[in-house]
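Here the structure is laid out as structure tokens; the discussion comes afterwards.
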There are 2 protein chains.
Amino acid sequence: MKSATEKQQAAKEPPNGESGKRRKSVAAPREQKLQLGVLNGHLGYFVRRLQVAIFKDIIRVLAPMKVRPAQYSVLVLVDSNPGRSQAAIGRALGIERARLARLLHDLQRRKWIERRAAAGDRRSHSLFLTGEGEKALVRIKKLAASHEAKLAEAVGLKRRILLMDLLRDFG
Amino acid sequence: MKSATEKQQAAKEPPNGESGKRRKSVAAPREQKLQLGVLNGHLGYFVRRLQVAIFKDIIRVLAPMKVRPAQYSVLVLVDSNPGRSQAAIGRALGIERARLARLLHDLQRRKWIERRAAAGDRRSHSLFLTGEGEKALVRIKKLAASHEAKLAEAVGLKRRILLMDLLRDFG
DNA sequence: TATTGTTATACTCTATAACTATA
DNA sequence: TATAGTTATAGAGTATAACAATA
């Protein structure tokens with residue numbers, strides 16, 4: 001079976017098909033879809049488009065709690081791994097320690113996380129959610145869940161499971 | 001059949017298993033893998049991770065030509081759709097017109113693109129590659145192709161086709 | 001009034017470097 | 001010497017707003 005990938009990559013019609021149809025209303029110039037050229041062969045292009053679309057929604061959904069996606073992921077990881085160091089959290093999420101320091105400063109200012117001196121190593125800080133932080137995270141998770149439900153519907157349940165299983169191998 | 005998604009979401013062991021094993025060398029503290037918690041249920045989390053990994057590589061690969069991914073995509077679209085306006089290119093790629101204006105200013109400074117007055121509408125600029133731009137794009141495409149080949153190998157050919165087919169529906 | 005393109009501003013994210021205090 | 005965390009800076013990307021020219 002020929003995949004859609006091969007089919008679309010093989011498609012090489014000339015860019016425009018101005019055939020004078022479609023002139024119902026005066027407004028609405030109705031742009032032609034542009035040719036993507038070799039972008040059709042780049043997985044990164046499509047992954048990027050999906051990522052941007054998903055993040056636009058999650059950013060909008062979390063906005064009422066004034067939380068950005070990176071902050072959300074840090075709250076979740078601290079909640080799921082209490083007592084771990086900044087270095088460990090940063091490594092797990094791919095967040096630079098410099099950026100994580102500022103991000104945590106903000107979360108601490110909001111009284112959502114605590115930094116205690118680590119037991120064995122006095123250089124490192126053990127991270128915990130405060131009671132307030134836990135309550136906030138419950139609300140944030142509800143918002144995130146509504147985003148995910150909407151996304152699942154848009155993507156299709158089967159396709160979503162398939163995608164998750166495919167993507168998870170790149171931890 | 002239970003998908004890996006469901007399996008991983010069901011996993012809820014306590015975060016640490018510090019059982020004092022694994023003390024071969026003095027260095028290498030060997031961090032535990034942290035629990036991802038509800039991030040396991042977010043498609044966006046995994047899409048984001050893959051996108052970041054892919055872009056790290058393409059950015060590195062294109063660096064010798066001093067081209068960023070967004071510039072590459074613009075060059076490809078202008079090449080595949082000569083004469084189109086900035087608005088059309090920007091819409092197709094999801095680039096804000098304000099940002100595209102500066103991006104094109106840079107490409108024009110490098111003599112890779114031309115902006116001519118549009119025929120029908122004197123507000124808009126028709127975009128074209130220069131001869132130099134076409135030659136540069138040939139070299140850039142070769143670099144991008146080497147990135148894609150490496151990526152295809154890492155992802156696996158079958159999985160890549162599958163992913164492309166799944167993702168393409170979000171144009 | 002709306003659209004095209006431009007300039008400017010502010011914010012987020014990323015990437016470094018320099019610094020301290022510990023190990 | 002290396003690591004944990006902090007502060008600072010610069011660049012890219014994103015989101016707005018304001019503006020001139022044109023439709």
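A note on names: the letters A, B, ... follow the listed sequences, proteins ahead of strands, and every chain is numbered from 1.
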side-chain N/O B:Arg84 vs C:dT4 OP1/OP2, d < 4.0 Å: no
Round to the nearest Å and state the distance from A:Phe55 atom CZ to D:dT14 atom P. 13 Å
Look for any protein N or O under 3.5 Å of an N or O in nucleotides 15-20 of chain C and output each such pair with its distance, or none.
none

For A:Lys150, which residues count as a side chain to side chain contact (heavy atoms under 4.5 Å, CB included) partner, sequence neighbours excluded? A:Asp57, A:Arg60, A:Val61
Return the value, rounded to whole Å, for the distance between atom CG of B:Leu62 and atom P of D:dA12. 14 Å
Atom-pair distance (CD1 on A:Ile59; P on C:dC11), nearest Å: 16 Å
Using modelled atom types only, decide if a donor and an acceptor are shared between the side chain of A:Arg116 and the backbone of A:Gly83 within a distance under 3.5 Å. no
Can you tell me the distance, in whole Å, between the CD1 atom of A:Ile89 and the C1' atom of D:dT6? 18 Å
Looking at A:Val155, is its backbone amide N or carbonyl O close enough to the side chain of A:Arg159 to form a donor-acceptor pair, meaning the two atoms are under 3.5 Å apart? yes
Acceptor/donor pairs from residues 92-105 of chain B side chains to any protein atom, 3.5 angstrom cut, sequence neighbours excluded:
none

If you assign A:His105 and A:Ser124 each to the DNA chain D nucleotide with the nearest heavy atom, which residue ends up on the more 5' nucleotide? A:Ser124
Rounded to the nearest Å, what distance is computed from the CZ atom of residue B:Arg68 to the P atom of nucleotide D:dA12? 7 Å
Quantify the bending of the helix from C:dT1-D:dA23 to C:dA23-D:dT1 as the angle between its end axes, each fitted on five pairs, to 10°. 0°
A:Arg116 CZ to D:dG5 C1': how many Å, rounded? 18 Å
How long is the span from the NZ atom in A:Lys111 to the CZ atom in A:Arg109, to the nearest 0.5 Å? 9.5 Å
Picking from C:dC13, D:dT14, C:dT6, the nucleotide nearest the side-chain atoms of B:Arg48 would be C:dC13
hbond_proxy A:Arg123 side chain to D:dT3 base (donor-acceptor, 3.5 Å cutoff): yes
Separation of D:dT3 atom P from A:His125 atom NE2, nearest Å, is 18 Å
Should B:Gln86 be listed as having a side-chain N or O under 4.0 Å from OP1 or OP2 of C:dT6? yes
Report yes if some heavy atom in the side chain of B:Phe46 is under 4.5 Å from a heavy atom in the side chain of B:Leu39; otherwise report no. no
Let me confirm one number: the CD-CD1 distance from B:Gln51 to B:Ile58, rounded to the nearest 0.5 Å. 12.0 Å
Check: residues 70-79 of chain A side-chain donor-acceptor pairs under 3.5 Å, at least two apart:
from: A:Gln71; atom 1: OE1; to: A:Arg68; atom 2: N; distance (Å): 2.8
from: A:Gln71; atom 1: NE2; to: A:Asp106; atom 2: OD2; distance (Å): 3.0
from: A:Tyr72; atom 1: OH; to: B:His42; atom 2: NE2; distance (Å): 2.8
from: A:Ser73; atom 1: OG; to: A:Ala70; atom 2: O; distance (Å): 2.7

Using the side-chain heavy atoms of B:Ala101, tell me which of these nucleotides is nearest: C:dT7, D:dT14, D:dA4. C:dT7
Is there a side-chain contact between A:Gln71 and the phosphate of C:dT12, meaning an N or O under 4.0 Å from OP1 or OP2? no
Any salt bridge (Lys or Arg N to Asp or Glu O under 4.0 Å) involving residues 122-132 of chain B? Give me the pairs, sequence neighbours left out, ordered by first then second residue. B:Asp121-B:Arg123
Grab the CG-P distance between B:Leu104 and C:dT4 for me, whole Å please. 15 Å
So which atom in A:Arg160 and which in A:Ala152 form the shortest heavy-atom distance, rounded to 0.1 Å? CD-CB, 3.6 Å
If you assign A:Asp121 and A:Pro69 each to the DNA chain C nucleotide with the nearest heavy atom, which residue ends up on the more 5' nucleotide? A:Pro69
